[in-house]
Chemist: 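Quick one: the structure is below, questions incoming.
Owing to the predicted nature of the structure, the values given are computational and were not obtained by experimental measurement. Below, chain A is the first sequence line, B the second, and so on; all start at residue 1.
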Amino acid sequence: MLLKREDVQARTITEDGRIFMEKAARDGLETVWDRYRAQQPQCGFCELGLSCRNCSMGPCRIDPFGEGPQRGVCGADADIIVARNLGRMIAAGSASHSDHGRDLVEVLRKVGEGKAPGYGIRSEEKLRKLASELGVSEDGQSVEALAVAVAEALEEEFGTRKKALAFVGRVPEKRRRIWEKLGITPRGIDRETSEMMHRTHMGVDNDWKSLLLHGLRNALSDGWGGSLIATEVSDILFGIPQPVASEVNLRVLKEDQVNIVLHGHNPIVSEMIFQAAQDPELMGLAEEKGARGINLAGLCCTGNELLMRRGIPMAGNHLMTELALSTGLIDMMLVDYQCIMPALGETARCYHTRMVSTSDKAKYPFMEHREFHPENARDLARDLVREAVENFVRRIPAKVLSPPGAPVKMMAGFSVEAIVSALGGSAGPLIDAIKSGAIQGAVGVVGCNNPKIRHDYGHVTLTTRLIENDVLVVDTGCAAVAHAKAGLKVPEAAEKAGPGLRQVCRALGIPPVLHMGSCVDNVRIFDLAAALAHALGTDISDLPLAAAAPEWYSEKAVSIACYAVASGVYTVLGTPPPIFGSQNIVKLLTEDLEGLLGASFAVEPDPARAADLILERIRAKRAALGL
Amino acid sequence: MERILVRWERCVGCRSCELACRVAHSASGDLFSAVLERPAPSRRIYVEQADKTPSPFLCRQCEDAPCVRSCPTRALAHDETTGLVAYEPARCIGCHGCVMACPFGMIQPDVREGFIAKCDRCKGRDRPACVEACPTHTLVLEKDFLDLRRKEAVRNLVQSGNPV
Amino acid sequence: MGKEGRSRVRTVCPYCAVGCHVDLLVEEGRAVGLDYATDSPVNGGNLCAKGNAVLDLLDHPDRLRTPLRRTASGWEAVGWDEALDWAAERIGTIRDRHGPDALGFLSSAKCTNEENYLLQKLARLLGSNNVDHCARLCHASTLTGLAPVLGMGAATNPLHDLAQARCLFLVGSNPAENHPVAFQWVREAKDKGAVVIVADPRKTPTAWIADLHLPVRPGTDIALLHAMLHVILREGLEDKAFIRSRTTGFERTVRAVRDTAPEWAQSVTGVPAGDILRAARLFARTRPGALIYCMGITQHHNGTQAVRACANLALATGNVGRPGSGLIPVRGQDNVQGACDMGALSALLPGYRPVADPQARAAMEALWGCPPGTIPDRPGLTVTEMEAEAGRTLRALVAMGENPAVTSPAGGRVAEGLERLDFFLAIDLFLTESARSAHLVLPAAAWAEKSGSKTSADRRVQWSPRAVLPPGDARPDAWIITRLARRLGLGAHFPCESPEDVLREINRAVPAYGGITPERIREAPGGIHWPCPRQDHPGTPVLFEKTFATADGRARFFPVSFDPPPESPDADYPLCLTTGRVTAHYNSGSMTRRTPALLELSPELFVEVHPEDAARLGFSEGSRVRVVTRRGAVEASAYLSSAVARGVVFAPFHFPGTNRLTLDVVDPEARIPAFKAAACRLEPL
Amino acid sequence: MEPFLFVDFSRCIACQACWAACRREHGGVSRLHLLCFQEAAVPLACRQCRKAPCAGFCPEGALVQEEGRGVKFLEERCTHCGLCAAACPFGVLEIVPGPVPDLSRCDLCRRRWEEGLMPVCVLTCPTRALSLDAGGAVGRRRRAQPAAFPVS
């Protein structure tokens with residue numbers, strides 16, 4: 001499986017990526033790119049969203065060229081099928097984020113009940129803030145009791161008894177009225193997902209417009225529900241992120257240290273691993289085994305969670321997960337859930353790496369399953385770190401390749417609170433900078449990696465273009481890691497920004513691209529946007545903001561994009577979503593939503609052109625505001 | 001030119017070949033744009049449920065072709081060099097005789113280039129779009145077909161437990 | 001339905017026995033056009049060439065518009081009263097003078113059930129069983145052949161059921177030309193992958209789609225069928241369970257085919273033994289299979305035997321009594337089935353009860369309210385016998401819609417016989433070849449000019465309502481018969497005024513029609529298949545699903561023996577003449593030869609000859625030739641085609657002359673003439 | 001797609017129903033001809049050519065190609081020169097002599113067509129040898145092919 005140099009070049013813009021892609025090929029590994037190539041050509045019906053497997057009268061397909069069948073067996077036409085498929089993608093994405101949130105709420109309750117040794121309330125301030133938002137009385141309650149009460153109130157958010165989610169209160173008044181008018185105010189997190197699965201069952205909602213509207217509601221139940229709970233409770237349990245310096249790329253894996261890599265999305269497990277890795281006894285053991293310490297490194301969003309709060313270095317983003325294994329340096333990889341390629345277990349068998357799955361709901365081939373619960377987390381984490389240390393000696397020298405050079409420096413930890421504090425305690429200076437034009441606008445560049453797009457190229461090209469035009473970029477998830485690898489996340493990167501933004505960055509000592517967390521943390525961006533809108537007494541959609549997901553792949557990204565647009569943020573997608581089989585739906589999503597929500601979607605695979613679309617948008621919004 | 005042969009037993013009816021054929025014969029050459037073209041680009045390969053199994057059918061480029069014989073203007077003619085039944089739109093009067101004559105149903109009336117749509121084995125392409133698009137390698141070029149058949153035959157022989 | 005004042009009336013096509021619906025567009029009592037009954041469950045709107053030309057029969061310039069009496073100086077138009085009075089007087093006188101057996105009645109498969117019922121009733125009330133109709137000439141052998149085998153002689157399955165068959169074996173049947181609309185179901189079956197086997201001396205359009213064509217020598221079908229049965233038994237392909245549980249008499253049939261190997265059959269039939277073997281295996285292995293036969297089987301000196309040979313093959317393979325299978329004689333005329341059902345047969349009363357059965361006679365006499373003993377206990381004369389006796393013991397003949405001078409064998413002699421009658425009354429649409437010999441001709445109404453029920457080949461009883469007015473003074477046959485009967489003093493027995501009233505009487509007279517009331521049948525879009533004994537009975541599309549109509553409920557195998565046609569080619573008459581239909585014409589041609597479109601398609605008598613035979617005899621396409629048999633000679637133009645085998649000559653029977661050539665032999669049981677095989681020679685002119 | 005009379009030769013049984021129907025519909029002159037051969041028959045009528053030679057040859061512009069509706073005949077321009085009949089490769093265009101010479105050419109029963117009715121030949125054909133649905137007919141032909149030859 002030898003690779004041509006031009007293949008490697010075409011696959012990624014990252015240097016470490018290229019080196020280890022070749023290494024992986026030499027080691028006989030099959031990577032995500034190989035599998036993508038083997039899948040070519042991919043099914044055009046599915047690419048267009050025109051295939052339906054919802055029931056066993058099917059599967060059905062609609063001929064996009066009009067000659068073949070125009071209806072499925074049940075009679076659903078292209079519009080209905082595309083809408084149903086999109087609806088189910090949203091439901092899956094929303095369910096993923098929300099289930100992640102629920103797991104954290106469970107830990108919060110256990111902490112309050114004293115059944116989660118090792119866990120605690122790191123941010124009492126946030127706990128109290130949430131309590132007041134949720135209408136939980138703090139009077140005379142201990143922190144533990146309050147934690148239980150807040151957890152209970154949050155559990156209610158998942159249910160079916162509400163007219164609106166509690167956190168809808170954070171949304172500007174104007175926006176809330178828009179949602180009410182369209183009937184898309186989210187009511188219960190699980191309810192909306194469950195209702196979507198119901199509506200998309202054969203013979204339920206067959207009006208593509210109302211299906212899509214419910215899709216927006218389902219997405220809002222994620223953005224202002226599930227994801228938001230995940231972020232806020234993580235902050236309560238593990239602390240509100242503060243600016244922190246760290247490093248990124250495969251070179252953060254150290255040949256002379258025990259390397260434990262944390263992959264997935266939920267910080268519950270990895271926070272315990274982090275604690276265990278600080279244990280002097282285990283550090284001693286590591287030295288005993290000839291290692292100079294225990295090195296924790298992150299992949300994907302579990303990595304981002306720990307980076308944001310603990311400053312651990314990042315080995316890479318989604319497409320780097322297999323290549324990280326090919327260093328031969330990882331003594332243990334712990335995974336929780338989401339975006340963990342099922343291939344990883346088998347890939348790791350080529351090396352000494354121990355693969356451990358930790359979640360009761362996520363098991364993988366060729367991985368050891370060591371289930372974490374709040375009750376056993378601390379002890380199990382210690383056991384696992386010990387085992388990782390013991391595995392250090394089993395490295396296979398012939399298969400080890402130490403990444404040459406040094407890692408790239410980065411800054412992370414820009415929670416809303418951290419940004420406000422960096423601004424001197426209020427959003428005022430940011431508003432002023434926007435008003436003055438020093439900062440033209442702000443864009444959230446988020447999302448995954450996708451082998452359909454040259455690795456990191458979409459993110460880095462788009463973001464570079466934006467900051468050059470004095471647009472502040474905030475990011476999360478795999479996009480954030482891509483930017484960090486490209487060196488855009490150090491204060492010195494201000495030099496790459498346009499003059500206005502450069503000046504602001506220099507003045508505040510911040511990079512032009514601010515890392516706001518993992519992909520559930522996208523809600524931080526909307527929190528900030530809502531705060532700005534409040535401050536200006538206007539709606540989110542009136543602000544010079546936009547969002548972009550240049551390399552998205554997952555169903556979660558679909559949910560995010562939908563709650564972004566529903567929240568009033570113009571969103572540009574790099575990978576075409578499977579909607580192009582219905583011109584009605586394309587028109588609705590890319591044009592008609594503008595009139596309903598003040599925001600819409602655009603699809604633009606070329607990141608440079610995507611940047612132009614965004615800049616044009618920002619200019620228009622600024623003009624509308626009279627700036 | 002190498003013929004396109006069909007390993008019928010492998011077809012799963014995904015219709016990828018049909019889509020690829022249309023895209024290859026569209027103005028833009030790209031799926032997402034091709035679906036917007038009007039008139040819609042036509043296909044020249046047909047996946048049909050024949051005798052309970054899905055199978056792709058395409059022009060067999062007959063040597064003594066009924067469509068050629070039915071053509072009053074020689075718009076269809078057997079091309080000696082390529083071995084294809086070639087269609088010359090400029091000569092076509094659109095009488096549909098070939099559509100009726102083809103016993104396999106491989107010619108359809110069309111409105112884009114000329115008045116019929118018939119497999120041209122993807123002019124200017126090394127490998128026809130359908131062959132490239134086929135995920136199960138049901139559609140293969142003649143040499144590959146024979147090569148694969150031989151390999152299959154040998155594998156079956158070996159697996160039969162009676163190696164040579 | 002479109003224009004103001006225009007109505008659309010659904011009628012049943014007057015031609016063949018498929019029973020197609022034709023929608024007439026009617027304005028002020030006149031047909032102004034026809035349209036396709038696309039929603040019809042019978043034909044789905046399809047029509048054949050004849051069906052398309054059907055309007056030409058209405059208002060045709062040749063139509064009889066008034067009663068005509070023959071005088072020394074020619075035809076004299078008379079009023080109805082005068083005509084009927086005279087007819088009654090003549091019939092009455094002849095009956096008084098010569099006895100009722102001197103009267104003969106030719107009923108008609110072209111007339112409705114009600115009319116046939118009335119005419120046979122008239123004959124029998126006059127004390128004569130001399131009532132018969134042209135079923136005698138086409139499918140009498142089906143009745144005699146199948147009645148003892150299955151219990152009744154009718155198609156076991158509806159025609160559209162052919163589409164469900166996996167194998168279709170057509171013997172002496174050419175639906176593509178003769179019943180084109182019915183051929184759609186053969187085609188549909190073939191589309192679904194059915195095997196089609198055609199045994200026919202000619203490669204007819206039916207055979208074009210055949211997987212296997214067996215060009216059998218005319219008159220040797222029994223040898224072919226025997227050889228197939230021989231193969232099936234030899235190879236154990238018979239349906240043993242069916243034979244065991246539902247039939248009797250199998251062993252004797254096994255013995256009868258012991259020596260009929262394909263090799264023997266090859267020498268007799270001219271069909272290669274290998275093809276016979278293949279046909280047998282295909283038919284036995286591909287089930288359900290339908291066996292369709294037609295006049296290629298029935299019109300032989302041994303027609304009854306040939307029908308039974310077909311039945312043996314179908315029974316041995318279990319192909320009776322289930323959908324998609326069956327033994328299907330395709331009837332020729334629109335109501336030949338119904339005319340038989342109505343007892344327009346010399347030996348059978350309505351409902352197929354033999355005249356010899358005292359109980360049957362008594363029941364009918366009670367129903368009719370006539371004195372016991374009115375109906376004679378001996379079978380009367382058949383069509384051919386009446387023709388032979390015409391002017392001898394038979395002194396008066398009433399012919400309703402029949403043209404025996406053309407349709408009967410040795411037609412020349414028939415015409416002479418008609419001339420000798422004391423009184424010949426013809427009731428018809430046109431002054432046919434036969435009617436020219438009549439003393440009195442009464443103008444009848446055509447199909448759309450009268451109401452009535454008709455029974456198609458597959459026992460489907462349909463109502464065809466009156467749509468238009470008859471031309472001139474023409475009257476429905478039922479009206480004529482009733483008026484004649486009243487003048488003959490039988491008014492008390494003919495109380496019915498409308499076809500509906502007559503059908504209500506039929507409901508009581510014919511058990512299988514018991515539930516087919518006028519009210520029900522007028523509302524049934526696809527008619528009702530008899531047997532339908534009760535009002536709440538849905539009808540019976542497929543016969544014998546559980547039991548056969550025989551006394552013990554089992555089908556009976558009949559050993560059949562093969563004997564070669566009475567006349568084989570010899571030095572003087574070296575060719576074999578066979579007859580049949582062409583797609584443009586119908587029966588004697590009295591209707592179709594008066595239709596310009598159809599006459600344009602097929603203007604004159606022709607003989608189809610193999611090109612090699614023609615070359616040897618020295619004539620070419622279009623030449624005039626004389627066809628000569630021991631019975632007569634006619635001129636025709638030659639049509640060269642390799643569709644006929646070498647040594648075989650085909651002539652359509654729609655033109656006067658063909659039947660002068662055919663054999664003067666009848667099947668001993670069915671009394672059906674052997675039209676299908678005669679030795680002939682061709683003389684170029 | 002512009003309709004044309006699709007003829008499936010393999011289904012024709014020479015029953016002449018189409019001919020008789022056409023003749024009746026068009027005042028005693030059939031615009032459709034049934035050609036019979038030894039073991040096949042072919043109904044032949046105007047093919048509704050998309051670039052019709054008859055229209056191309058007409059010096060008076062009496063036959064014009066109407067987009068979406070086939071060839072249209074403008075009677076007032078016709079001089080009965082007969083070039084159109086000579087130009088037709090199929091011999092299905094005929095000048096019918098008479099006091100007012102007429103052009104006899106299958107127009108797919110345009111009069112019925114305007115009332116939403118099918119041409120009479122299509123309706124009457126018992127074996128579906130004639131249809132206006134070329135796509136469907138061609139598709140049926142494809143499906144009629146034996147799919148897989150046995151490979152064990």
Chemist: Considering only heavy atoms and a distance below 4.5 Å, find which of C/A643, C/G45, C/S642, C/P205 pairs most often with chain D.
Modeler: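 Most heavy-atom pairs within the cutoff with chain D belong to C/S642.
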Chemist: Would you indicate whether the side-chain heavy atoms of C/P180 and D/I13 approach each other to under 4.5 Å?
Modeler: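 Yes; the side chains approach each other to less than 4.5 Å.
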Chemist: State, without any angle test, whether D/T124 and C/N52 hold a side-chain donor-acceptor pair at a distance under 3.5 Å.
Modeler: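 Yes, C/N52 and D/T124 have a side-chain donor paired with an acceptor closer than 3.5 Å.
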Chemist: Charged N to carboxylate O under 4.0 angstrom, D/R24 versus C/D56?
Modeler: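 The answer is no: the pair does not qualify as a salt bridge.
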Chemist: Using a strict 4.0 Å threshold on nitrogen-to-oxygen distance, state whether C/D35 and D/R112 make a salt bridge.
Modeler: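 Looking at C/D35 and D/R112, the cut-off is met.
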Chemist: Quick one: which residues of residues 598-614 of chain C reach chain D at under 4.5 angstrom, heavy atoms only?
Modeler: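 The residues closer than 4.5 Å to chain D, in numerical order, are C/E600, C/L601.
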Chemist: So for D/R128, is it side chain, backbone, both, or neither that comes closer than 4.5 Å to the heavy atoms of chain C?
Modeler: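 For D/R128, the contact with chain C is made by the side chain alone.
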Chemist: Hey, what do you get for CD (D/E25) to CG (C/L34), rounding to the nearest 0.5 Å?
Modeler: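 So the CD of D/E25 and the CG of C/L34 are separated by 9.0 Å.
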Chemist: Any side-chain heavy atom of C/E177 within less than 4.5 Å of one from D/C15?
Modeler: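 Side chain of C/E177 against side chain of D/C15, heavy atoms only: no contact under 4.5 Å found.
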Chemist: Quick one: does any side-chain atom of D/Q38 pair with a main-chain N or O of C/S641 as donor and acceptor, under 3.5 Å?
Modeler: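 The answer is no, because no donor-acceptor pair under 3.5 Å joins these two groups.
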Chemist: Looking at every non-hydrogen atom in both residues, tell me the closest pair between D/A14 and C/W208 and how far apart they are.
Modeler: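 The pair with the smallest heavy-atom distance is CB-CH2, 3.9 Å.
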Chemist: Just so I understand: if I count every heavy-atom pair under 4.5 Å between each of D/A21, D/C36, D/A20 and chain C, which residue has the most?
Modeler: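 Highest number of heavy-atom pairs under 4.5 Å: D/A21.
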Chemist: So, D/T127 side chain and C/Q184 main chain: donor-acceptor pair closer than 3.5 Å or not?
Modeler: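 Side chain of D/T127 to backbone of C/Q184: no pair is present.
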Chemist: Please state whether the side chain, the backbone, both or neither of C/T38 comes within less than 4.5 Å of a heavy atom of chain D.
Modeler: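 Contact with chain D is through the side chain of C/T38 alone.
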Chemist: As an exercise, state the distance from NE2 of C/H213 to CD of D/E39, rounded to the nearest 0.5 Å.
Modeler: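 Here the rounded value is 9.0 Å.
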Chemist: Measuring heavy-atom distances to chain C, does D/C18 have an atom under 4.5 Å in its side chain, in its backbone, in both, or in neither?
Modeler: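 Neither; nothing under 4.5 Å.
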Chemist: Would you find more than 12 non-hydrogen atoms of other residues, nucleotides or ligands less than 6.0 Å from C/K192 atom NZ?
Modeler: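 Yes, the 6.0 Å shell around NZ holds more than 12 heavy atoms from other groups.
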Chemist: Can you establish whether the number of heavy atoms outside D/F90 located under 6.0 Å from its atom CZ is more than 12?
Modeler: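 Correct, the count exceeds 12.
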Chemist: Check whether C/A176 gets within reach of chain D through its side chain, its backbone, both or neither, counting any heavy atom under 4.5 Å.
Modeler: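 Both parts, backbone and side chain.
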